[in-house]
Amino acid sequence: MSIVNKKLETWVKELSDWTKPDAVHFCDGSQAEYDSLISRMLESGTLHRLNQDQFPGCYLHRSDPGDVARVEHCTFICSQKKEDAGPTNNWMSPDDARAKVWPLFKDAMKGRTMYVVPYLMGPEASPFSKVGVEITDSPYVAANMRIMTRMGKVALDRLGDSDDFVRGTHSLGDLSPERRFILHFPETREIWSVGSGYGGNALLGKKCHALRIASVQARDEGWLAEHMLILAITTPAGEKYHICAAFPSACGKTNLAMLIPPASMPGYKVETVGDDISWLNFGDDGRLYAINPENGFFGVVPGTSSKTNPNALASTKKNSIFTNVAETPDHLPWWEGHDDPAPATLTDWKGGEWHPGADHPAAHPNSRFTAPIANCPSASKDVESAKGVPIDAIVFGGRRAKLAPLVYESFSWQHGTFVGATMASETTAAATGAVGVVRRDPMAMLPFCGYNMGDYWNHWLSIGDKPGAKLPKVFHVNWFKRGADGKFIWPGFGDNLRVLDWMIRRVKGEDAAQETPIGYVPKRGSIAENGLNVSAEKWDELLKVAAADWREELSGIDEFFAKFGDKLPAGIREERDALAKRLG
Ligand code: GTP
Ligand code: SPV
Ligand code: MN
């Protein structure tokens, strides 16, 4: 394929002179090109063919066992000033990056093909969509980018001869964790990633572009780039509502986005617009409209079953890539939480022999599927909507074994921003490091905000100050509260619709809430209970707001806020003080 964009051509030339690939391939995004990428990877052993009768077009990839998740300690914001990265990001000066990391790309593509991957984040017809180009020496990355984004010609057509594209440079390098860096240059809209071939480290359109770089563009241009799913609910009365929800990694976005209503709630319909990232822009009517910049899912596999998430399961049945799952002797993918019990012998995610009862899981806890949105039975036609869908409610949430009630509603946009800013959640396998430790994760953006988190909160507050803004209500949920027996109290999954339904009724102004110091919680009996088996004691526990526990939480919040010094916005401090007062 020939390209016409001179800036792109010059950049590709510079990069190939430095990285010395054996060949350069400009991706056009065609099916034929994808097929040849797949054939090459089957030949080289990068991919394994799964059972084509049951999983047509599906393949398995086993990543390097030391390269299985995002690496937050190797992820840096390389703004000119350290202060612009803020206290929650790692910072490296652009000069240090050039001295320390750029040499890792020298000759790095020798013996490999360089793929030039132009991609469009967002629907083809949307004015809010943005172009990026990822240059990579990983055919696995190129193939995944074709599923995850609108890739190739469509992006180049959009770009024309413009210089307005995010430049992503990616090399597997030697896959050594010591030489692994994920760098973001917000001022020049560049990304450098070396030493990892995995997910958010390497598919640069996703977290690196659509969140870290886009969050900076969003601040500059007056919109929001968020780690949020987008779903539509149609009620039995035929009214349609749209909800965005921000939960940290592996905390239930994909599941909620693809929710199937419980049998005891007939007449409701849930449709999926996005499962991970939202770009929110103001419409002429003052409302926030969300587009999903992605075109596929990079979803958590373990725990996915016909009981928990049949839509995700269906999405993976064709033309999908599985990464780090186990494989049965019949070449079927298998994982913990699968509908079928494990067969007597499996090949585990590392390629070794595995038997039930082994001392490690057969599938990696962060094993993933890459699947086209078009495969999803619940996919909304608005995935292609140019202006996006109007948002009625924004939901924050995390994993909290204790403290946070099932759901509460904030008092105002400013208070909602405070609720997002003070989110906390137990860590998961989506990033390397300890699992199950409570950490602050504002707006589920802790690992993804491309600038000072204090300025980011200020940007959220400024969204609320826009003249004529008609803002969504802001809620907080916690599906993960545990009882004295250590088990989840709330059944979750499909039954989460009961909570969304309560939110919708609040949006409509129904008197279904009671005021507490932290916000409005449901009046007892106001969440649809028909067909649900939750005892009165459990409802008490689910909806409890204990002032003493929240006072303790407030001291944790204060500790976190102290990091921001005078970057902590006045509006956030006001909300903190007001909460302290309400708690007594
Ligand atoms: P990322 O792709 O990492 O951003 O994750 P995500 O937020 O999309 O999380 P996902 O929906 O994949 O869920 C992660 C894990 O949480 C899976 O193991 C799910 O089974 C589990 N989970 C999701 N929803 C619920 C719920 O309502 N209740 C309980 N108990 N577990 C849930
Ligand atoms: C997440 O960790 O939030 C993900 C997976 O969605 S990754 O693409 O690795 O970021
Ligand atoms: Mn995510």
Are more than 12 heavy atoms from other residues, nucleotides or ligands located less than 6.0 Å from atom [atom1] of [X]?
| X | atom1 | result |
| --- | --- | --- |
| Glu552 | CD | no |
| Glu124 | CD | no |
| Asn533 | CG | no |
| Asp284 | CG | no |

So, [X] versus [Y]: side-chain donor-acceptor pair below 3.5 Å or not?
| X | Y | result |
| --- | --- | --- |
| Asp275 | Thr254 | yes |
| Arg212 | Thr75 | no |
| Trp490 | Asn496 | yes |
| Asn144 | Thr370 | yes |

Donor-acceptor pair, distance only, cut-off 3.5 Å: does the side chain of [X] make one with the backbone of [Y]?
| X | Y | value |
| --- | --- | --- |
| Asp485 | Lys487 | yes |
| Thr308 | Gly303 | yes |
| Thr432 | Val71 | no |
| His242 | Val389 | no |
| Ser425 | Arg399 | yes |
| Asp441 | Leu446 | yes |
| Gln52 | Leu50 | yes |
| Asp339 | Ser306 | yes |
| Ser278 | Ile230 | no |
| Trp334 | Asp340 | yes |

Exercise. Going through the checks in order, is the side chain to side chain donor-acceptor pair (under 3.5 Å) test met by Glu226 and Trp460?
Worked result: CA-CA 11 Å; Glu226 300 297 328; Trp460 263 78; 3.1 Å; yes
Using a strict threshold of under 4.0 Å (side-chain N to carboxylate O), is an ion pair present between [Y] and [X]?
| X | Y | result |
| --- | --- | --- |
| Arg150 | Glu384 | yes |
| Asp501 | Arg505 | yes |
| Asp276 | Lys206 | yes |
| Lys253 | Glu294 | no |
| Glu541 | Lys538 | no |
| Glu553 | Arg400 | yes |

Might you point out which heavy atoms bring [X] and [Y] nearest each other, and give the distance in Å?
| X | Y | answer |
| --- | --- | --- |
| Pro236 | Pro266 | CG-O, 3.7 Å |
| Pro472 | Ile391 | CB-O, 3.6 Å |
| Lys481 | Leu403 | NZ-O, 3.6 Å |
| Ser320 | Thr316 | OG-CA, 3.5 Å |
| Ser249 | Arg70 | OG-NH2, 2.9 Å |
| Val395 | Ile243 | CG2-CG2, 3.7 Å |

State the [atom1]-[atom2] distance between [X] and [Y], to the nearest 0.5 angstrom.
| X | Y | atom1 | atom2 | value |
| --- | --- | --- | --- | --- |
| Lys387 | Tyr289 | NZ | OH | 4.0 Å |
| Ser305 | Lys307 | OG | NZ | 5.5 Å |
| Arg498 | Tyr268 | CZ | OH | 10.0 Å |

Problem set entry | is_close_aromatic(Phe561, Trp457), centroid dist under 6.0 Å |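 Ring-ring flag for Phe561/Trp457: true, centres closer than 6.0 Å.
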Exercise. Please walk me through it: do Leu554 and Arg576 pass side chain to side chain contact (heavy atoms under 4.5 Å, CB included)?
Worked result: CA-CA 8 Å; Leu554 191 58; Arg576 180 260 164 230; 4.0 Å; yes
A side-chain contact here means heavy atoms from C-beta on lying under 4.5 Å apart; do [X] and [Y] qualify?
| X | Y | answer |
| --- | --- | --- |
| Phe418 | Ile572 | yes |
| Lys473 | Tyr520 | no |
| Trp413 | Val474 | yes |
| Phe322 | Ser367 | no |
| Thr272 | Leu231 | no |
| Asp495 | Val534 | no |
| Val68 | Asn366 | no |
| Gln217 | Trp223 | yes |

For this session: Go through Asn530 and Ser264 one step at a time and tell me if the side chain to side chain donor-acceptor pair (under 3.5 Å) criterion holds.
Result: CA-CA 6 Å; Asn530 176 31; Ser264 50; 5.3 Å; no
For this session: Applying side chain to side chain contact (heavy atoms under 4.5 Å, CB included), run through Leu500 and Leu256 and close with a yes or a no.
Result: CA-CA 10 Å; Leu500 303 183; Leu256 191 67; 4.1 Å; yes
Exercise. Out of Lys470, Arg287, Lys240, which one pairs with Asp392 under the salt bridge (Lys or Arg N to Asp or Glu O under 4.0 Å) rule?
Worked result: Arg287
For this session: Carefully, step by step, assess His209 and Tyr119 under the rule side chain to side chain donor-acceptor pair (under 3.5 Å).
Result: CA-CA 11 Å; His209 177 165; Tyr119 60 88; 2.8 Å; yes
For this session: Show the numbers, then the answer: is there a side chain to side chain contact (heavy atoms under 4.5 Å, CB included) between Phe475 and Trp502?
Result: CA-CA 11 Å; Phe475 297 87; Trp502 180 82; 3.8 Å; yes
For this session: Under the side chain to side chain contact (heavy atoms under 4.5 Å, CB included) rule, what do His459 and Leu224 come out as? Steps first, then yes or no, please.
Result: CA-CA 9 Å; His459 178 55; Leu224 294 168; 3.8 Å; yes
